[in-house]
Amino acid sequence: MRLRFSIIGLLGFTIGAGALLPDGRSHANLPPTSTIPKLDGAALFSDKIRNGTVLPPYDTVYHFDQLIDHNNPSLGTFKQRFWHTYEFYEPGGPIVFMTPGEVNAEGYTGYLSNSTINGLIAQQEKGAVVLLEHRFFGLSNPYPDLSGTSMSVHTIQQSIEDIDYFARNVELPMPNGKSLDPDNAAWIMTGGSYPGALTSYTMVNKPGLIWAGYASSGPVQVMENFWVYFEPIRKNMPQNCSADVVAVIAHLDQVFSSTNTSAKQAIKDTFGMGSVQHDDDFLGALRNDLWAWQELQPTSGPGARFYNFCDALEVKNGMNAPVSGWGLDHALAAWGKHWRSGLASLCGRATDEQCFDSYAISAPNISIDQPYRSWNWILCNEFGFSQSGPPATSPVPAIVSHLVVPEYDIRQCVSMYPDVFTTSTAPDFAANTARTNQNYGGWNVKVNRLYFSNARRDTWKEGSVSAEAVNVSSTDSMPVYLSEGFHASDLLVRIAAANPSVAGAQREGLLAIKRWMEEWKQQRK
Ligand SMILES: *[C@@H]1O[C@H](CO)[C@@H](O)[C@H](O)[C@H]1NC(C)=O
Ligand SMILES: *[C@@H]1O[C@H](CO)[C@@H](O)[C@H](O)[C@H]1NC(C)=O
Ligand SMILES: *[C@@H]1O[C@H](CO)[C@@H](O)[C@H](O)[C@H]1NC(C)=O
Ligand SMILES: *[C@@H]1O[C@H](CO)[C@@H](O)[C@H](O)[C@H]1NC(C)=O
Ligand SMILES: *[C@@H]1O[C@H](CO)[C@@H](O)[C@H](O)[C@H]1NC(C)=O
Ligand SMILES: *[C@@H]1O[C@H](CO)[C@@H](O)[C@H](O)[C@H]1NC(C)=O
């Protein structure tokens with residue numbers, strides 16, 4: 001690796017890691033990951049005794065010898081981390097299995113407890129709970145770095161094979177833990193966000209492995225341009241705020257499509273980004289105020305950062321704007337001022353260039369445990385999901401510039417993984433996403449005993465089976481529930497306690513699981 005870096009250096013790349021923003025992204029035009037809410041297990045654990053044995057705390061780490069490459073077992077194994085509890089288990093009960101997905105799983109061991117849907121299922125069905133760290137996240141790495149070459153074994157199929165191989169070979173740290181594979185116990189897979197989709201994909205791809213599934217906010221249908229990510233925001237944010245954002249973006253689209261460089265410069269200056277050279281870096285960065293939508297408060301929706309943004313645009317001299325907003329002139333100036341005041345917390349000690357310039361290529365930092373890097377790899381190769389503006393032909397009022405296009409993200413794939421992509425071998429998002437939908441079913445998923453829980457105010461809704469493009473209907477074998485919640489909000493008991501509609505999603509899922517476990521018991525007789 002060191003050798004490759006010095007060669008890159010000779011070719012004129014900047015040597016170094018590339019500055020990290022305070023939130024861990026390598027620059028401000030990389031979408032934040034949409035993970036499930038963190039939940040610390042240590043804080044939730046109290047001493048529990050099961051048949052005379054004191055149970056280990058939730059944050060006790062176990063290791064499984066996982067195959068590096070399921071297509072080539074001779075390459076050997078790596079240590080994949082997992083966490084486990086059998087506090088509710090009785091013989092005959094199911095194994096409730098979850099991966100927290102695109103994160104270091106250490107912060108998520110609370111998902112073993114009955115503060116989450118996993119624990120509620122385990123409690124109801126007298127099951128055990130297992131949490132498996134996804135390959136290439138946290139400390140579960142087939143290879144000691146995150147180079148593009150190492151990540152050749154970072155695919156959806158490899159992670160499905162991980163689940164299969166784990167379920168069939170693990171010795172769970174509990175009584176009879178060697179004999180609880182899917183032939184002897186019902187495995188129930190749960191997951192939120194990407195792992196919600198992975199629950200569906202696994203059931204499509206591995207019949208007979210997962211008895212029943214609970215998929216929360218899973219964007220099963222991947223797409224090249226996922227501009228509809230912003231639609232639940234536009235439809236659910238204060239109307240005066242969306243009216244003004246639409247007015248500003250329409251104006252920016254017009255100016256930045258023109259050749260009037262002084263007008264463009266004046267606008268960049270308004271946002272304190274006069275030194276940002278590339279127009280799409282400037283226009284794309286403004287998405288950060290919208291991405292704040294997914295920073296959820298503990299129980300009730302978008303956090304302060306999103307509403308501070310709308311207040312900055314809509315409150316003038318102590319007065320709220322009417323539904324139609326204040327109009328372009330005020331909104332543009334007010335957004336610029338608000339943006340300038342947030343620059344320091346967005347960029348930290350990064351210079352403007354480091355913070356915003358996605359064209360300046362530096363040798364990437366390939367250390368392990370960088371979730372953005374591992375997640376973006378999946379986007380580049382299989383998911384696309386470019387959070388761009390709507391296509392020029394769309395009649396929908398844009399809150400992201402039409403000039404932010406998927407090619408922008410495709411180009412970044414080339415600069416993030418220069419050892420595998422070049423400008424002429426850049427990933428083809430259209431082909432990649434078509435293949436993923438073909439392989440794992442997308443919206444056309446048809447399996448037995450899979451519960452889909454989606455949410456109206458979730459930014460990923462339009463990739464889910466509840467997307468307006470399809471409205472997949474609910475059936476007994478594949479119930480679909482649409483709550484008033486947010487991204488994967490039904491995974492947590494505390495959110496359900498504050499939102500009856502989210503509680504409904506949990507209740508419906510628990511009822512379906514109860515029914516399916518009855519079926520399993522019937523079948524075993
Ligand atoms: C690379 O990233 C790792 C993980 O975030 C970090 O600990 C390390 O300091 C970074 N290396 C450099 C040279 O910045
Ligand atoms: C605990 O002990 C009871 C009574 O001996 C037994 O019925 C039950 O299966 C045991 N539970 C576990 C998890 O071993
Ligand atoms: C969680 O389990 C504990 C026992 O360990 C119980 O006291 C509590 O009521 C359970 N919580 C829920 C939400 O069922
Ligand atoms: C360019 O835009 C500025 C406003 O920023 C305007 O004053 C000027 O007339 C425009 N120039 C042309 C050639 O349209
Ligand atoms: C207008 O904006 C204010 C401040 O953000 C907000 O509290 C209010 O709900 C908005 N009203 C409408 C009708 O959108
Ligand atoms: C799905 O439902 C929404 C809301 O009721 C509706 O606007 C949309 O047209 C429906 N889509 C299809 C494909 O039927």
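Whatever order the structure lists them in is the order used to number ligands and atoms, beginning at 1. Along the sequence shown, residues carry numbers from 1. Keep in mind that the numbers below use all heavy atoms, side chains included, and drop hydrogens, waters and symmetry copies.
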> Among all protein non-hydrogen atoms, which one is nearest to atom 12 (C) of ligand 5, and what is the separation to 0.1 Å?
N240 ND2, 3.4 Å

> Checking contacts here: is it the side chain or the backbone of D311 that comes within 4.0 Å of ligand 5, counting heavy atoms only? Could be both or neither.
both

> Would you say E382 and W377 are linked by a side-chain donor-acceptor pair, where the criterion is simply a distance under 3.5 Å?
no

> Of all the atoms in ligand 6, which lie at a distance below 4.0 Å from a heavy atom belonging to N471?
1 (C), 2 (O), 3 (C), 8 (C), 10 (C), 11 (N), 12 (C), 14 (O)

> Would you check if L296 and P37 make a side-chain contact, meaning some heavy-atom pair closer than 4.5 Å?
no

> If only atom types and distance count, is the side chain of T33 paired as donor or acceptor with the main-chain N or O of T35 below 3.5 Å?
no

> Taking the six-membered ring for Trp, are Y229 and W460 parallel (under 30°), tilted (30 to 60°) or perpendicular (over 60°)?
perpendicular

> Can you tell me if D69 and Q158 form a side-chain donor-acceptor pair at under 3.5 Å?
yes

> Any side-chain donor paired with an acceptor under 3.5 Å for R81 and N104?
yes

> Which atoms of ligand 6 sit under 4.0 Å from any heavy atom of A469?
13 (C)

> Of the protein's non-hydrogen atoms, which lies at the shortest distance from atom 9 (O) of ligand 5, and what is that distance?
P238 CB, 4.5 Å

> Yes or no, since that's all I need: does a protein heavy atom fall within a distance strictly under 4.0 Å of atom 5 (O) of ligand 6?
no

> Which ligand 5 atoms does V323 reach within 4.0 Å, using its non-hydrogen atoms?
13 (C)

> Going by distance alone, is a donor N or O of one side chain under 3.5 Å from an acceptor N or O of the other, for R25 and N376?
no

> Which atoms of ligand 5 are found less than 4.0 Å from any heavy atom of C310?
5 (O)

> Is the closest N or O pair between N365 and ligand 1 shorter than 3.5 Å?
yes

> Identify, for atom 7 (O) of ligand 5, the protein heavy atom at the shortest distance, and state residue, atom and that distance.
N320 ND2, 3.8 Å

> I need the atoms of ligand 5 closer than 4.0 Å to a non-hydrogen atom of Q239, numbered in the order shown.
14 (O)

> For atom 14 (O) of ligand 6, is some protein heavy-atom partner under 4.0 Å away?
yes

> For the side-chain hydrogen bond (donor to acceptor under 3.5 Å, both in side chains) test, which of D357, D352, D269, T351 pairs with S275?
D352

